[in-house]
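Okay, so here's the structure we're looking at.
When reading the values below, keep in mind they use all heavy atoms of this one structure, side chains included, and skip hydrogens, waters and symmetry mates. Quick caveat, the model's predicted, so the values are computed rather than measured. The first residue of the sequence shown is numbered 1, and numbering continues consecutively from there.
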Amino acid sequence: MQKEYIVLNETRKVSLTAYLQAAGGEFGGITARPAVLVIPGGGYHFCSDREADPVAFPYLKAGYQAFILRYSLNEQAAWPQPLEDYEQAMELILARAEEWHVVPDRIAVIGFSAGGHLAACAATMSRHRPAAAILGYPVIDGDCARDYLPSAPDVPSAVDRNTCPCFVFATRTDNLVPVANAVHMIDALCAQGIAFESHIYSNGAHGLSTGDPSVNRPGFCSRYPSWVEDSIGWLADVMGGMDSSGLTEPRFGRKINGNREKTLNLDCTLLYLAEHPEGKKILEEITGGQQAAPAAAASVITLRDSLAYMGLDAEKTKAVEERLHAIENN
């Protein structure tokens, strides 16, 4: 494995550490690797070492390239400078993707606490959005973030249809960042139909990192360290992982339904189509004016699922799909 340390800004002490694994040769069909960009926490006052290398290592073991960003702090962290540090790091990774054996569209960001705030901002408001975001006990709400950085933005209000899938974890008894931050992020993702996975563990203080005894004292629920393996499995689901033959395809989409796509489609929910004038017309033609699903379920059942349940054949299903794709989704 190769390690590179790159100074992005000497004055502000911004740096990127790269842990790079080989591709090809002994690694067979692996010609390039997905990557993670780790953003440690520290209240925008320091970058925690416990949330840096110890976090990167499990992803390296899983076959990823791993990068660690140490961003602008204290008086040099006036917003949007930390986000610009992220942009600079991503631009460098993308520029050297071929050299570093990185798949450009499979780069996830991992952030903790204030670093979770920066990672969430990357997911919602950056020029170089990651393919996925893992947010550990994140500072999310503007009021909370401004306790650490007065110019910091609110994240939930920035979640939009272009936000990447998110893996959010926290502890119910976090004694520094209220768990409501994580809950509000989940609510915002739900409202925009963005795919996510969440784990709110019952007990544990703030700043637990991986939960490994080598980086943290005991005193949290036994299931907390599971977030590491769970997040690696989740990345394979939404971003695609890798095996001995090379990259694997994602198992699920980045959105939970098709409501936010540019045109209407089979993956729109029945309720969404029923509230769209042209979508409603097509829906009524298919169902003969009958209710297609229980009202309580219409907000989650997609037309694709409904047609499968009705036994509509493939040719007719394709025809419906073509009609829907011709309708702009405003």
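Using modelled atom types, one side-chain atom of Asn216 and one backbone atom of Gly207 make a donor-acceptor pair closer than 3.5 Å. Distance alone, capped at 3.5 Å, is enough to place a donor-acceptor pair between the Thr173 side chain and the Gly204 backbone. In terms of modelled atom types and a separation under 3.5 Å, the side chain of Glu278 and the main chain of Ile327 share no donor-acceptor contact. Remark: side-chain polar atoms of Tyr86 are not paired, donor with acceptor, to backbone N or O of Leu69 under 3.5 angstrom. Remark: the backbone N or O of Leu266 is not paired with any side-chain donor or acceptor of Arg304 at under 3.5 angstrom. A distance-only check finds no donor-acceptor pair linking the side chain of Asp49 to the backbone of Ala52 [under 3.5 Å]. Side-chain atoms of Asn265 come within 3.5 Å of backbone N or O of Cys268 as a donor-acceptor pair. Looking only at distances, no side-chain donor or acceptor of Arg260 sits under 3.5 Å from a matching main-chain atom of Arg161. Checked by atom type and distance alone, the side chain of Asn74 never pairs as donor or acceptor with a backbone atom of Gln76 at under 3.5 Å. In this structure, Gln65 contributes its side chain and Val36 its backbone to no donor-acceptor pair below 3.5 Å.
Contact check for Thr124 versus Asp160: no side-chain heavy atoms found under the 4.5 Å cut-off. Residues Leu37 and Pro130 fail the side-chain proximity criterion, which asks for heavy atoms closer than 4.5 Å. Side-chain contact between Pro150 and Trp79 is absent, with no heavy atoms from C-beta onward closer than 4.5 Å. Proximity of Leu273 to Leu324: side-chain heavy atoms (C-beta onward) are separated by under 4.5 Å at one or more points. Between Arg70 and Val14, the closest side-chain pair of non-hydrogen atoms is not below 4.5 Å. When side chains are defined from C-beta on, Thr210 counts as touching Val215, because their heavy atoms get closer than 4.5 Å. At a threshold of 4.5 Å between non-hydrogen side-chain atoms, the residues Tyr59 and Ile134 count as touching. For the pair Met125 and Leu83, the minimum side-chain heavy-atom distance is below 4.5 Å.
Leu283 and Leu307 fall within the same hydrophobic cluster, where Ile, Leu, Val, Met, Phe, Trp and Tyr residues are linked whenever their side-chain heavy atoms come under 4.5 Å apart, directly or through other members. One hydrophobic cluster holds both Val38 and Leu235 under the rule that ILVMFWY side chains link at heavy-atom gaps under 4.5 Å. Under the 4.5 Å side-chain heavy-atom criterion for grouping Ile, Leu, Val, Met, Phe, Trp and Tyr, Val55 is connected to Tyr137 within one hydrophobic cluster. By the criterion of side-chain heavy atoms lying less than 4.5 angstrom apart, applied directly or through intervening Ile, Leu, Val, Met, Phe, Trp or Tyr residues, Ile6 is grouped together with Leu94 in one hydrophobic cluster.
Interatomic distance, Asn259 CG to Asp267 CG, rounded to the nearest 0.5 Å: 9.5 Å. Rounding to the nearest 0.5 Å places SG of Cys221 at 9.0 Å from CG of Leu208. We find the CD-CD distance between Gln81 and Gln88 to be 8.5 Å, quoted to the nearest 0.5 Å. Note that OG1 of Thr163 is 7.0 Å distant from CD of Gln192, once rounded to the nearest 0.5 Å. One distance of note links OG of Ser245 with CD1 of Ile30; it measures 8.0 Å at 0.5 Å rounding.
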Arg223/Asp230 under salt bridge (charged side-chain N to carboxylate O under 4.0 Å, His left out): CA gap, chis, key distance, verdict:
CA-CA 11 Å; Arg223 298 170 306 286; Asp230 284 346; over 6 Å; no

Applying side-chain contact (heavy atoms from CB on, under 4.5 Å), run through Cys166 and Ile194 and close with a yes or a no.
CA-CA 8 Å; Cys166 294; Ile194 302 299; 5.5 Å; no

Report the C-alpha distance between Leu303 and Val320 in whole Å, list the side-chain angles of each, state the deciding distance to 0.1 Å, and finish with yes or no for side-chain contact (heavy atoms from CB on, under 4.5 Å).
CA-CA 10 Å; Leu303 179 57; Val320 173; 4.1 Å; yes

Determine, step by step, whether Tyr309 and Ile301 satisfy the side-chain contact (heavy atoms from CB on, under 4.5 Å) criterion, reporting the C-alpha distance in whole Å, the side-chain angles of both residues, the deciding distance to 0.1 Å, and the verdict.
CA-CA 11 Å; Tyr309 180 77; Ile301 294 178; over 6 Å; no

Any chance you could lay out the side-chain contact (heavy atoms from CB on, under 4.5 Å) test for Phe27 and Arg33, step after step, and finish with the verdict?
CA-CA 11 Å; Phe27 293 98; Arg33 299 174 181 272; 3.2 Å; yes

Checking salt bridge (charged side-chain N to carboxylate O under 4.0 Å, His left out) for the pair Lys280/Glu285: CA distance, chi angles, key distance, verdict?
CA-CA 9 Å; Lys280 182 179 180 180; Glu285 290 178 13; over 6 Å; no

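Scanning for ring-ring contact (aromatic ring centres under 6.0 Å, His included) contacts around Tyr148 gives an empty result, with sequence neighbours left out. For Arg12, the salt bridge (Lys or Arg N to Asp or Glu O under 4.0 Å) partners at least two apart in sequence or on another chain are Asp85. In this view, Glu261 and Lys255 satisfy the salt bridge (Lys or Arg N to Asp or Glu O under 4.0 Å) rule, not counting sequence neighbours. Remark: Arg172 engages no residue in a salt bridge (Lys or Arg N to Asp or Glu O under 4.0 Å) (not counting sequence neighbours). A search for salt bridge (Lys or Arg N to Asp or Glu O under 4.0 Å) contacts involving Asp154 returns nothing, not counting sequence neighbours.
Between Asp212 and Arg50 there is no salt bridge, since none of the side-chain N atoms of the basic residue sits less than 4.0 Å from a carboxylate O of the acidic one.
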Residues 181-191 side chain polar contacts: donor-acceptor under 3.5 Å, at least two apart:
residue, atom, partner, partner atom, Å
Asn181, OD1, Ile140, N, 2.9
Asn181, OD1, Asp141, N, 2.9
Asn181, ND2, Pro178, O, 3.0
His184, ND1, Asp141, OD1, 3.2
His184, ND1, Asp141, OD2, 2.7
His184, ND1, Ala180, O, 3.3

For residues 95-110, dump all side-chain donor-acceptor pairs below 3.5 Å to protein atoms at least two apart in sequence or in another chain.
residue, atom, partner, partner atom, Å
Arg96, NE, Glu99, OE1, 3.0
Arg96, NH2, Glu4, OE1, 3.3
Arg96, NH2, Glu99, OE2, 2.7
Trp100, NE1, Glu4, OE2, 3.4
Arg106, NE, Met239, O, 3.3
Arg106, NH1, Thr248, O, 2.8
Arg106, NH2, Thr248, O, 3.3

Donor-acceptor pairs under 3.5 angstrom involving side-chain atoms of residues 15-25: please list them, not counting sequence neighbours.
residue, atom, partner, partner atom, Å
Tyr19, OH, Asp53, OD2, 2.5
Gln21, NE2, Leu60, O, 2.9
Gln21, NE2, Tyr64, O, 2.7

When the side chains of residues 112-120 are checked against the rest of the protein, which donor-acceptor pairs come out under 3.5 Å, sequence neighbours left out?
residue, atom, partner, partner atom, Å
Ser113, OG, His206, NE2, 2.8
His117, ND1, Tyr44, OH, 2.8
His117, NE2, Pro153, O, 2.8

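Within the structure, ring-ring contact (aromatic ring centres under 6.0 Å, His included) pairs that include any residue of residues 230-284 comprise Phe167-Trp234 (at least two apart or interchain).
Clustering of Ile, Leu, Val, Met, Phe, Trp and Tyr side chains at separations under 4.5 Å places Val7 together with Tyr5. Other residues sharing a hydrophobic cluster with Val179 under the 4.5 Å side-chain heavy-atom criterion for ILVMFWY residues are Ile200.
Relative ring orientation between His199 and Tyr201 is described as parallel, the plane-to-plane angle staying below 30° on a 0-90° scale split at 30° and 60°.
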